[in-house]
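Worksheet: the structure to be examined is printed underneath.
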2 protein chains.
Amino acid sequence: MKTPPPSAETDAPSARLVRGDVFAIPCPSREILTHVSSRWGVLILVSLLDGTHRFSELRRRMGGVSEKMLAQSLKALVEDGFVRRVSYPVVPPFVEYSLTPMGHEVARHVAALKDWIETNLDRVLDNRRQHEEAVAG
Amino acid sequence: MKTPPPSAETDAPSARLVRGDVFAIPCPSREILTHVSSRWGVLILVSLLDGTHRFSELRRRMGGVSEKMLAQSLKALVEDGFVRRVSYPVVPPFVEYSLTPMGHEVARHVAALKDWIETNLDRVLDNRRQHEEAVAG
DNA sequence: TTCCTTACTTACTTTTTTGTGTGTACTTCC
DNA sequence: GGAAGTACACACAAAAAAGTAAGTAAGGAA
């Protein structure tokens, strides 16, 4: 009777391939999700889909980011391995950001979501108006 | 020389089909993005992909949501037209939530992102460890 | 000589988000 | 008779996120 375990959590200790579970409170996948789906995380990933960019380029492109937030968001994505940071020791500073292969994978999903929202904006806005009327009337 | 305008913003006034732009500060697409990509927004959409659920069912399934946050997140998704709310006037209250066709479309994208993260958790975690070492050493 | 540039960091303040506890209506179970 | 269960709303407190201002290094421009 060797029924395989339903989840991989009970697998062999060494080469375990654990799957995340966003529904579980302590799962680190939640943190990663917030990094990539945060307001600036999304814009960074999407921006880098068309190649490498400097800090200031990203800043100019993304309306409304403060330097602090951009730096913070980039740092999180670099730590997670989605973005590669290359800095040249010159003055003034010169730093390039680009997607890692892994970053490219997530970025595609994120971009798909972002594109859906952008192209279907009208539909959503119409729904909102209808909803308002329905509530008011 | 009637080159078509690059963006739809300059189109005819009535039947305009405007595309959102998440990079623009005042664009409402940003708000919508935060709704669907918020911590609980994601879990709600994904949960509802397998059918309709009651408030308390969602609450039990999603680890760590407070009633307040669940209600708030659901309300936003209902207003945007992603989720349909049906309540029966009985005591104790009975309310059902399900995806609208539009909600189903976004939910698929959101679920794809969530699945990528869950299956690639190990890769990300490995990257983090490497990064830590690189910084420390 | 002072300013401007870049890619940040740090300290401090303000804003936003989230949590907590309470109440509600009625029925059912103990 | 009291507790539990449901789907919230509301007020207030606590926590987290974000904004702001200032500082840094080296060189060139005004």
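So that the names make sense, note that chain A is the first sequence line, chain B the second, and so on, each numbered from 1. It should be emphasised that the depicted structure is a prediction, and the values quoted were computed from it without experimental measurement.
- Taking 4.0 Å as the cut-off between side-chain N and carboxylate O, R129(A) and E133(A) do not count as a salt-bridged pair.
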**nucleotides 8-30 of chain C: protein proximity per nucleotide (B base, S sugar-phosphate only, - neither; heavy atom, under 4.0 Å)** = BS--------BBB-----B----
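- Between E118(B) and K114(B) there is a salt bridge, since at least one side-chain N of the basic residue sits less than 4.0 Å from a carboxylate O of the acidic one.
- Distance H53(B) NE2 to dT6(D) C1': 17 Å, rounded to the nearest Å.
- Side-chain atoms of D80(B) never come within 3.5 Å of backbone atoms of V124(A) as a donor-acceptor pair (strictly under, hydrogens ignored).
- As a whole-Å value, the separation of E57(B) CD from dT6(D) P is 10 Å.
- For R39(A), the CZ atom is densely surrounded, since the number of other residues' heavy atoms within 6.0 Å is greater than 12.
- An OP1 or OP2 oxygen of dT6(C) is reached within less than 4.0 angstrom by no side-chain nitrogen or oxygen of R54(A).
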Which pairs would a plain distance check flag for residues 26-34 of chain B, meaning a side-chain donor or acceptor within less than 3.5 Å of a matching protein atom at least two apart in sequence or in another chain?
from: R30(B); atom 1: NE; to: V22(B); atom 2: O; distance (Å): 2.7
from: R30(B); atom 1: NE; to: A24(B); atom 2: O; distance (Å): 3.4
from: R30(B); atom 1: NH1; to: G63(A); atom 2: O; distance (Å): 3.2
from: R30(B); atom 1: NH2; to: G63(A); atom 2: O; distance (Å): 2.8
from: R30(B); atom 1: NH2; to: V22(B); atom 2: O; distance (Å): 3.3
from: R30(B); atom 1: NH2; to: F23(B); atom 2: O; distance (Å): 3.3
from: T34(B); atom 1: OG1; to: E31(B); atom 2: O; distance (Å): 2.6

